[in-house]
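Down below is the structure, laid out as structure tokens.
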Number of protein chains: 2
Amino acid sequence: MKKHNFYAGPSILSEYTIKNTAEAIKDFAGTGLSILEVSHRSKEFTAVMDEAQALVKELLEVPEGYSVLFLGGGASMQFCMVPFNLLKKKAAYTDTGTWAANAIKEAKLFGEVDVVASSKDKNYTYIPKNFTVPEDADYFHFTSNNTIFGTEVRFDPDVNVPLVADMSSDIFSRPVDVSKYDVIYAGAQKNLAPAGVTIVIVKDSALGNVDRAIPTMLDYRTHIKKGSMFNTPPVLPIYSALQTLKYYKELGGVKEMERRDLAKAELLYSAIDSSKMFVGTVEPEDRSIMNVCFVMKPEYVELEKEFIDFASTKGIVGIKGHRSVGGFRASLYNALPIESVKVLVEAMNEFEKKH
Amino acid sequence: MKKHNFYAGPSILSEYTIKNTAEAIKDFAGTGLSILEVSHRSKEFTAVMDEAQALVKELLEVPEGYSVLFLGGGASMQFCMVPFNLLKKKAAYTDTGTWAANAIKEAKLFGEVDVVASSKDKNYTYIPKNFTVPEDADYFHFTSNNTIFGTEVRFDPDVNVPLVADMSSDIFSRPVDVSKYDVIYAGAQKNLAPAGVTIVIVKDSALGNVDRAIPTMLDYRTHIKKGSMFNTPPVLPIYSALQTLKYYKELGGVKEMERRDLAKAELLYSAIDSSKMFVGTVEPEDRSIMNVCFVMKPEYVELEKEFIDFASTKGIVGIKGHRSVGGFRASLYNALPIESVKVLVEAMNEFEKKH
């Protein structure tokens, strides 16, 4: 049976990405070798790395003076790399969920952290507004999409200091004004590639301004200087990332991805809002178009497990909500076809009729 | 034409590993999903992680009280993680090549580093002996195999302090007495898996003894506590690693790998030593069985490029030596069949006859 993959991450990749990766495992670029066993210094792979960096720049219209890196270690490693490289005295953060809180925890090891707003009071079900970022902060860090709680900041905030954003779960789902940022980072395992690589877009002039000694691997300048080839990079995840980037370009870029993502989210949120059984968990204006969190209304809550089982008979996988929210989470990443959302909505309607 | 893959890393993997990885890209463990897009929290992948850790323990006879981790970031990240976690006041290192020197550089950020011996005086063509490790060192770090220069320490040194070893390029090529070590680490892209994962074997009781604050992702305890699932691990490289580990077990474990590796190295070194044209670059007693470095004798040196081209007509790839040594390097990792070594030796003989 065809599966409808709603996992929050690692998550669905395009058939194009999967097919091309499978082919490269058999024979990479006509080398007669598998992508699994080819040197990262081979001319065939250095071409992959170069093209992947160039396509990120093209798709997100990255201005001059920025570098694009493909690093190992996960976005969680960026939680310490950002302050290692950028935090001189003080940084401002918003606390909008588990990953934001983790980023704050790391920054505190490096200097003063001003948590300018938090939505923890309501279990992170909204995005805080009306806060002030101190003008003497070295940067303002926010998490653009909160995967666990299903909230999203779908714009580039206007503050008086450089922005730093964790865009792990919504990068490539909208155009971004990169010029406002010192650093954008994103674990690739949602909208880009299999797990194992993190994309970092960094403003070159933002670096070199801290006094502390930075371990070589944690210094962005190390990787900029060597084009992400200081040490052996995660070859296969980068190859897959390139396939996804090519696919996005062919489809019309991030604007087209946004159009599709908005249509999918609209379809599912409408079904939730018109349901007598299901209800969204997030303030409507702050709803994520990537991760749709919902639960059953109190009078039906004992049916949650049954619905997951019912949905699985339709090929629907990965809709169990994170334990800190409960209920359901349907992740509608770029690669998810709207047909899968239709199958989910039909399953919700059918289940509702049965009860 | 069949390729003979002598790359130094990323490098040849067994057909078993490549075939099973290719199949999991189409359908992972009957889930109907690709290994590229499956949640690391799925029961099918947590089983992979558990089995991979268990097989490392079984193959290397890891004693109680040690943890096996699969981390992102590469062995170069371990150059700072080791001193972050273990260096209280002073550590002892040997300088046996580029990677050892890089490890020393990082350790110096954390405390006193006693470089007890170096072979830099002769371009790292031997392994220093007759050195003393101070008894008050927190640990003694060495690089068991020097990939670039082709030297190897094929035993577990007897010193009065705990050992730490970078075994990136010779792990699983011999039995190891793990009980002598606080930490063994190895980038996987030589004898285990595609690039993107690093294996770490760490003695639990060696941790928690330093005063400094350790960033969460750089603290081994973070990953021990969560079974390498604190954040999203590199799923595909770990899946491939499991295939290789199963393959090693099926073949008879690391003793059998050592028998095969010694036979391959013997074949190639004999050919070099009986050649009028080629000559090894390393002291015979310190020769690596993983990376065989050799050059052309002065009177033939202008033929080096021609030999590489000639070899490539036989399907031989990856034998160009590292720029700091020149000449040739043939990497004979576990997955390389002896037939490939025979093809190389025949090519050397044929080339020699021609000139």
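First the proteins, then the strands, lettered A, B, ... as listed; each starts at 1.
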Response to the item:
Contact list (residues 213-222 of chain B to chain A, heavy-atom gap under 4.5 Å, by number) returns A213(B), I214(B), P215(B), T216(B), M217(B), L218(B)
Fill in: Test of ring centre spacing under 6.0 Å for H40(A) and F45(A)
no
Item to complete: Verify, without hydrogens or angle tests, whether R212(B) (side chain) and F110(B) (backbone) share a donor-acceptor contact under 3.5 angstrom.
Response: yes
Worksheet item: What residue in S76(A), S240(A), G318(A) has the most heavy-atom pairs under 4.5 Å with chain B?
Response: S76(A)
Worksheet item: Who wins among A22(B), P233(B), P234(B) for the most heavy-atom pairs under 4.5 Å with chain A?
Response: P234(B)
Practice prompt. Evaluate the side chain to side chain contact (heavy atoms under 4.5 Å, CB included) criterion for residues F70(A) and H223(A): first the C-alpha distance (whole Å), next the side-chain angles of each, then the deciding distance (0.1 Å), finally the verdict.
Written response: CA-CA 9 Å; F70(A) 287 87; H223(A) 304 288; over 6 Å; no
Discussion item. Is the ring pair F28(A)/Y239(A) parallel, tilted or perpendicular, if the boundaries are 30 and 60 degrees?
Written reply: perpendicular
Practice prompt. Any chance you could lay out the side chain to side chain contact (heavy atoms under 4.5 Å, CB included) test for M49(B) and M229(B), step after step, and finish with the verdict?
Written response: CA-CA 9 Å; M49(B) 179 65 95; M229(B) 291 278 212; 4.2 Å; yes
Item to complete: With a 4.5 angstrom heavy-atom cut-off, could you sort out which part of K2(A) is near chain B: side chain, backbone, both or neither?
Response: neither
Fill in: Interface residue of largest heavy-atom contact number with chain A, from L36(B), I25(B), L109(B), under 4.5 Å
L36(B)
Item to complete: Determine the option with the most heavy-atom pairs under 4.5 angstrom with chain B, choosing from G73(A), G32(A), G72(A), G196(A).
Response: G73(A)
Worksheet, complete the sentence: Highest number of heavy-atom pairs under 4.5 Å with chain B among L236(A), I18(A), V317(A) belongs to I18(A)
Worksheet item: Between A8(A), G74(A), S34(A), which residue shows the highest count of heavy-atom pairs closer than 4.5 Å to chain B?
Response: S34(A)
Worksheet item: Do you know which two heavy atoms are closest between S169(B) and N191(B), and how far apart they sit?
Response: O-ND2, 4.4 Å
Worksheet entry | Contacting moiety of V197(A), where chain B heavy atoms sit under 4.5 Å | neither
Worksheet item: Taking it one step at a time, do S331(A) and N291(A) satisfy side chain to side chain donor-acceptor pair (under 3.5 Å)?
Response: CA-CA 4 Å; S331(A) 297; N291(A) 310 99; 2.9 Å; yes
Worksheet item: Looking just at side-chain N and O atoms, do E44(B) and T31(B) make a donor-acceptor pair shorter than 3.5 Å?
Response: no
Worksheet entry | Part of F79(A) within contact of chain B (heavy atom distance under 4.5 Å) | neither
Discussion item. Counting only non-hydrogen atoms closer than 4.5 Å, does K19(A) touch chain B with its backbone (N, CA, C, O), its side chain (CB onward), both, or neither?
Written reply: neither
Item to complete: State, to 0.1 Å, how close I148(A) and R329(A) come at their nearest heavy-atom pair, and which atoms those are.
Response: CA-NH1, 3.3 Å
Worksheet item: Does any non-hydrogen side-chain atom of N85(B) lie less than 4.5 Å from one of V210(B)?
Response: no
Worksheet item: By salt bridge (Lys or Arg N to Asp or Glu O under 4.0 Å), which residues pair with K314(B), not counting sequence neighbours?
Response: E350(B)
Worksheet item: Looking only at heavy atoms, what is the nearest atom pair of Y16(A) and Q243(A), with distance?
Response: CE2-O, 3.3 Å
Fill in: Choice from I12(A), V235(A), T198(A), I35(A) maximising heavy atom contacts with chain B below 4.5 Å
I12(A)
Worksheet, complete the sentence: Interface check, chain B: of A75(A), S39(A), A335(A), P83(A), most non-hydrogen pairs under 4.5 Å belong to S39(A)
